2 protein chains.
Amino acid sequence: MPKKVDPEARRHEVAEAVFRVTRRDGLEHASLRNVAAEAGLAVGSVRHYFEGQTDIMIFAMRHFVDRVGARLLEHVRDRPGPGASADRHVAAFEAALAELLPLDAERREETEVWLAFTVSARTREELRPYAERLYDQTRELVHKVLTAAERTGVLRDGVDADTETERLYALVDGLALHSVLQPGRLDAEGLRAALRRHLDEIMPRAAGR
Amino acid sequence: MPKKVDPEARRHEVAEAVFRVTRRDGLEHASLRNVAAEAGLAVGSVRHYFEGQTDIMIFAMRHFVDRVGARLLEHVRDRPGPGASADRHVAAFEAALAELLPLDAERREETEVWLAFTVSARTREELRPYAERLYDQTRELVHKVLTAAERTGVLRDGVDADTETERLYALVDGLALHSVLQPGRLDAEGLRAALRRHLDEIMPRAAGR
DNA sequence: AAGAATTTAGCACGGTGGTGCTACAAAGGC
DNA sequence: GCCTTTGTAGCACCACCGTGCTAAATTCTT
């Protein structure tokens with residue numbers, strides 16, 4: 001039995017091809033034929049690893065959600081020790097949230113894919129479970145940051161972590177949305193400034209203004 | 001010459017059909033055939049009023065942008081007189097911004113269409129000019145609200161209208177995005193709460209907490 | 001070497017899409 | 001009454017899509 005290829009690796013390659021086509025031409029062009037061409041494979045080959053086109057989409061989105069989720073977990077782990085200064089803690093929180101913004105090429109591409117898939121999931125029920133998982137896990141990160149801030153004592157008095165979660169989460173996704181849809185009007189600097197402004201508001205720093 | 005029908009009115013009807021199909025099945029299903037069926041017309045009839053399918057999309061999006069723009073202008077007009085109390089001014093600002101949120105069925109439908117079209121415009125250059133106009137005119141509204149707040153003196157000290165524009169705009173669009181994509185997790189009350197919380201922060205009220 | 005499982009490749013069908021083109025009905029001007 | 005303009009309708013063509021199916025190449029096991 002020729003096990004030259006790792007089936008799961010092949011599927012990942014196909015998923016990556018789906019992402020490239022989606023970024024370049026939109027999700028509606030991610031047909032079996034276009035994806036196969038993008039991956040440098042024959043249509044029949046691609047079909048060997050998937051049940052059908054819908055299966056490809058589901059796999060691609062699940063792969064995406066897993067990947068993003070894993071990356072977010074990483075950045076939650078490495079935070080400063082309990083003895084660190086308040087400003088240092090705030091900086092770590094800012095870094096964790098910045099992970100959700102398209103500040104570099106990689107995360108910009110990721111954001112483009114995220115947008116295409118989550119929006120498509122509104123009218124494609126087979127994708128909705130994954131869109132919901134992505135929503136929940138991202139919200140969870142934001143919530144974790146805010147509760148950690150609360151626990152660390154850097155959250156301003158009268159500011160409640162639970163209440164703030166949706167506001168901060170919406171802000172971050174709104175910034176990501178604007179940056180991806182209007183790259184000429186909102187660059188990385190603008191993103192950083194808006195996020196920093198928001199954090200300055202709810203987590204006042206000593207050194208800051 | 002039988003001028004039974006007003007051609008522009010017919011085009012508007014077709015555009016409305018495009019919106020309904022888009023909301024229900026997604027923009028990718030807004031084909032000539034589907035749209036004609038949705039409008040209760042024959043394909044040939046629809047084609048009589050448009051150059052082609054692309055023309056339909058362009059017209060629909062332009063129509064949408066114009067309509068939203070007109071509605072926003074209305075709500076900018078009716079603000080309290082210069083003698084009104086500060087809290088009354090803030091309430092008017094909040095009402096203007098609430099116009100951008102999917103708080104009722106009509107604006108929810110509008111938001112769904114907005115999302116489908118603006119996202120699609122990222123990879124469809126013929127739609128991009130209208131997406132940019134929509135972005136600009138909405139941003140303009142947010143900016144107007146903030147400068148008016150600054151002029152009225154209700155903006156907190158140290159808060160700059162220009163700097164705040166992108167943050168508030170992103171927050172509003174982020175809320176709209178979340179509410180439309182995850183209707184089960186963010187309802188109208190949540191939207192209102194987040195917006196109010198933000199305004200409380202940058203435009204502190206006397207009566208409020 | 002032989003056989004079997006895996007992988008790659010492609011044909012052909014039915015369905016849907018946009019569009020060029022034609023045919024016909026309706027209605028006002030001469 | 002006739003003709004021209006405007007609206008309605010539909011056929012036919014080609015392109016693209018997903019998919020059932022078949023066939024061939026590849027490579028490990030025995």
Side-chain angles (χ1 to χ4, degrees), chain A residues 1-22 24-62 116-117 120-121 123-127, chain B residues 1-22 24-62 116-117 120-121 123-127:
Chain A
M1 317 117 176
K3 272 220 183 155
K4 272 202 326 190
V5 298
D6 175 13
E8 202 63 9
R10 261 277 191 275
R11 279 187 270 264
H12 287 341
E13 286 173 29
V14 173
E16 295 298 329
V18 169
F19 300 154
R20 285 196 297 275
V21 173
T22 298
R24 190 188 339 115
D25 305 321
L27 191 59
E28 71 272 21
H29 288 110
S31 67
L32 197 50
R33 282 166 171 86
N34 286 343
V35 168
E38 176 70 31
L41 299 170
V43 174
S45 298
V46 173
R47 291 182 58 201
H48 187 249
Y49 297 93
F50 295 93
E51 304 253 342
Q53 199 260 2
T54 305
D55 190 39
I56 296 181
M57 287 305 174
I58 291 176
F59 181 89
M61 185 155 184
R62 186 172 44 204
F117 272 90
S120 173
T123 50
R124 293 188 65 169
E125 52 188 356
E126 67 269 22
L127 296 183
Chain B
M1 319 113 175
K3 271 217 182 154
K4 277 202 320 191
V5 299
D6 175 13
E8 202 64 8
R10 260 277 192 277
R11 279 187 270 263
H12 287 343
E13 286 173 30
V14 173
E16 294 299 329
V18 169
F19 299 153
R20 284 196 297 276
V21 173
T22 298
R24 193 193 332 119
D25 307 318
L27 191 58
E28 70 273 20
H29 288 110
S31 68
L32 197 49
R33 284 166 170 86
N34 287 342
V35 168
E38 176 70 33
L41 299 171
V43 174
S45 296
V46 173
R47 292 182 58 202
H48 187 251
Y49 297 93
F50 296 93
E51 305 252 342
Q53 198 260 4
T54 306
D55 190 39
I56 296 181
M57 287 304 176
I58 291 176
F59 181 89
M61 184 155 185
R62 184 171 47 203
F117 271 91
S120 172
T123 49
R124 294 188 64 168
E125 51 187 356
E126 68 269 23
L127 296 182

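Letters go in sequence order (proteins before strands), and every chain restarts at 1. What you see is a predicted model; the values in this text were computed from it and never measured.
A straight line from CG of L32(A) to P of dG18(D) spans 5 Å, rounded to a whole angstrom. In this structure, F50(A) places its CZ atom 18 Å from C1' of dC17(D), rounding to the nearest Å. Between the CZ atom of R11(A) and the C1' atom of dT8(C) there is a distance of 16 Å, rounded to whole Å. Atom NE2 of H48(A) is separated from atom C1' of dA24(D) by 13 Å (rounded to the nearest Å). The CD-P distance, from E51(A) to dG20(D), rounds to 10 Å in whole Å. Look at CD1 on I56(B): it is 8 Å from P on dT19(C), rounded to the nearest Å. Going from atom NE2 of H29(B) over to atom C1' of dC16(D) covers 15 Å, rounded to whole Å. Between Q53(B) atom CD and dC16(D) atom P the separation is 15 Å, expressed in whole Å.
The minimum heavy-atom distance linking F117(B) with L127(B) is given by the pair CD2-CD1, 4.3 Å. Of all non-hydrogen atoms in T123(B) and R24(A), the two that sit nearest each other are CG2-O, 3.7 Å. Minimum heavy-atom separation, A36(A) to V46(A): CB-CG2, 3.7 Å.
One N or O on the side chain of N34(B) and one on the backbone of H29(B) form a donor-acceptor pair closer than 3.5 Å. Remark: the backbone N or O of V18(B) is paired with a side-chain donor or acceptor of T22(B) at under 3.5 angstrom.
The side chain of S31(A) contributes no N or O atom lying less than 4.0 Å from OP1 or OP2 of dC16(D). In terms of phosphate contacts, N34(A) brings a side-chain nitrogen or oxygen within less than 4.0 Å of OP1 or OP2 of dC17(D). Regarding contacts with the backbone of dT8(D), a side-chain N or O of Y49(B) is found under 4.0 angstrom from either OP1 or OP2. For the OP1/OP2 pair of dT8(C) and a distance below 4.0 Å, the side-chain nitrogens and oxygens of R10(A) include at least one atom meeting the criterion.
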TODO: Apply side chain to side chain contact (heavy atoms under 4.5 Å, CB included) to E8(A) and Y49(A), showing your working.
DONE: CA-CA 9 Å; E8(A) 202 63 9; Y49(A) 297 93; over 6 Å; no

With the criterion being N/O to N/O and under 3.5 Å, what pairs connect the protein with nucleotides 9-12 of chain C, and how long is each?
residue : atom : partner : partner atom : Å
dA9(C)  : OP2  : S45(A)  : OG           : 3.2

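Taking OG of S120(B) as the start and CE of M57(B) as the end, the distance is 7.5 Å to the nearest 0.5 Å.
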